[in-house]
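The block underneath contains the structure these notes are about, expressed in structure tokens.
Numbers for residues simply follow the sequence, beginning at 1.
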Amino acid sequence: MNSGGVRTRTRAAIDAPHLRTDRWWLAPAATAAGLLAFVVYSTWRAFANSDYYAAPYVSPFYSPCLAENCEPMRSGPNWEIFGSWWGLSPALLILIFPLGFRLTCYYYRKAYYRGFWASPPACAVAEPHKKYTGETRFPLIFQNIHRYFFYAAVPVAGILTYDTVLAFRDEHYEWGHMGLGTLVFLVNITLIWAYTLSCHSCRHIVGGKLKHFSKHPVRYKTWQFVGKLNARHMQLAWASLISVALADFYVYLVASGAFDDPRFF
């Protein structure tokens, strides 16, 4: 028996590291691969500082654009808060909020703790670490600010909703048009809102600290709705992660000239 971790003298004296006979390692391996793929892709696109706007579409990685070096977007999310002294990609100014929201998300924490740190690798599989401090020490204690990232994620989702409305224009900014990109944006913003509202913090904000639901019927109904979404939080986390990457990639293809946006009307 090891002198630390889960294999201490107070635990059952079982020689085998675990009793699972299935391929339990597939799930954490797939999770690690999926998250790593997104990290590599988003890092490339965030530092690229190019091909993120093709009227009327703006990449969700660059919205709102907060620097003076942003591409001009007619009626778009151009907020030149940072002047000419900012020479890096404007995506680095805004991505910290949605990425911080996902990084501190309860589901994502479980996913990358298992996938990258093997803490624990899977249910009923002992972790290799000899110490366990949870999220009580630096830097993991900062995971507790998840609620504040939720407060930031809501207005970001609102801005992406505005971008989706602008997607009903054509390349000449005329209203009443719909392209394939518009459909991509509609699917993405639906999943973004579903994931955001299914957050555990949102569920607590809506229905927490209530002693009598009967005295708060509106909050109770809202809490029930959020609870139903919360039951699908894992699926929505992955679906929205894929959709936001696909939305950015679609804008990249159109902006770089590799693909022409088909028009439905």
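Here the side chains of L103 and Y108 are not in contact, with every heavy-atom distance at 4.5 Å or above. Annotation: side chain of L92 is not in contact with side chain of L95 (no heavy-atom distance under 4.5 Å). No side-chain heavy atom of L36 sits under 4.5 Å from any side-chain heavy atom of Y112.
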- Query: Going through the checks in order, is the ring-ring contact (aromatic ring centres under 6.0 Å, His included) test met by F185 and Y57?
  - Reply: CA-CA 9 Å; F185 273 50; Y57 310 124; 5.5 Å; yes

- Task: Check the pair I94, W79 against side chain to side chain contact (heavy atoms under 4.5 Å, CB included), reporting the backbone distance first and the verdict last.
- Result: CA-CA 11 Å; I94 192 62; W79 301 343; over 6 Å; no

- Task: Show your working on side chain to side chain donor-acceptor pair (under 3.5 Å) between R102 and S240 and close with a plain yes or no.
- Result: CA-CA 11 Å; R102 290 182 183 268; S240 60; 2.9 Å; yes

- Quick one: do S75 and Y173 satisfy side chain to side chain contact (heavy atoms under 4.5 Å, CB included)? Show the steps, please. CA-CA 9 Å; S75 301; Y173 306 101; over 6 Å; no

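Side-chain N or O atoms of R45 include none that pairs as donor or acceptor with a backbone N or O of Y252 at under 3.5 Å. Here the side chain of N69 pairs a donor or acceptor atom with the backbone of L88 at under 3.5 angstrom. Side chain of R109 to main chain of T104: a donor-acceptor pair is present (N/O by atom type, distance under 3.5 Å, no hydrogens or angles). When atom types are taken as modelled, the side chain of T164 and the backbone of L186 share no donor-acceptor pair closer than 3.5 angstrom. Judged by distance alone, the side chain of R219 and the main-chain N or O of V206 form a donor-acceptor pair under 3.5 Å. In this structure a side-chain-to-backbone donor-acceptor pair under 3.5 Å is missing from N78 to C70. For the pair D170 (side chain) and H177 (backbone), a donor-acceptor distance under 3.5 Å is absent.
Taking hydrophobic clusters as Ile, Leu, Val, Met, Phe, Trp and Tyr residues chained together by side-chain heavy-atom distances below 4.5 Å, Y52 shares a cluster with L253. Both L99 and I145 are part of a single hydrophobic cluster, where members link through side-chain heavy atoms under 4.5 Å apart. Hydrophobic clustering, with ILVMFWY side chains joined whenever heavy atoms are under 4.5 angstrom apart, groups L66 together with I96. Both V254 and F265 belong to a common hydrophobic cluster when Ile, Leu, Val, Met, Phe, Trp and Tyr are linked at side-chain heavy-atom distances under 4.5 angstrom. Hydrophobic clustering keeps I205 apart from V218 (ILVMFWY residues linked when any side-chain heavy atoms are closer than 4.5 Å, directly or through intermediates).
For the residue pair N230 / S198, no side-chain donor-acceptor distance below 3.5 Å is found, with atom types taken as modelled. Looking at Y41 and D248, their side chains do bring a donor and an acceptor atom within 3.5 Å of each other. A side-chain N or O of T161 and one of W193 form a donor-acceptor pair less than 3.5 Å apart. With no hydrogens or angles considered, no side-chain donor-acceptor pair links W238 and Y195 at under 3.5 Å.
Taking the six-membered ring wherever Trp is involved, the centroid distance between the rings of Y107 and H233 does not fall below 6.0 Å. Here Y250 and F259 bring their ring centres to under 6.0 angstrom of each other. The aromatic ring centres of F82 and W85 sit less than 6.0 Å apart. Separation of the F101 and H146 ring centroids falls under the 6.0 Å cut-off. Aromatic rings of F97 and F149 (six-membered ring for Trp) have centroids beyond the 6.0 Å cut-off, not under it.
Applying the ring pair (Phe, Tyr, Trp, His ring centres under 6.0 Å) test to F150 and every residue at least two apart in sequence or in another chain returns nothing.
A disulfide is not assigned to C199 and C105, since their SG atoms are no nearer than 2.5 Å.
The aromatic rings of W223 and Y220 sit parallel, their planes meeting at an angle under 30°, below the 60° perpendicular limit. Using cut-offs of 30° and 60° for the angle between ring planes, the W24 and H18 rings count as perpendicular.
With respect to the salt-bridge test (charged N to carboxylate O, under 4.0 angstrom), the residues E127 and R114 do not qualify.
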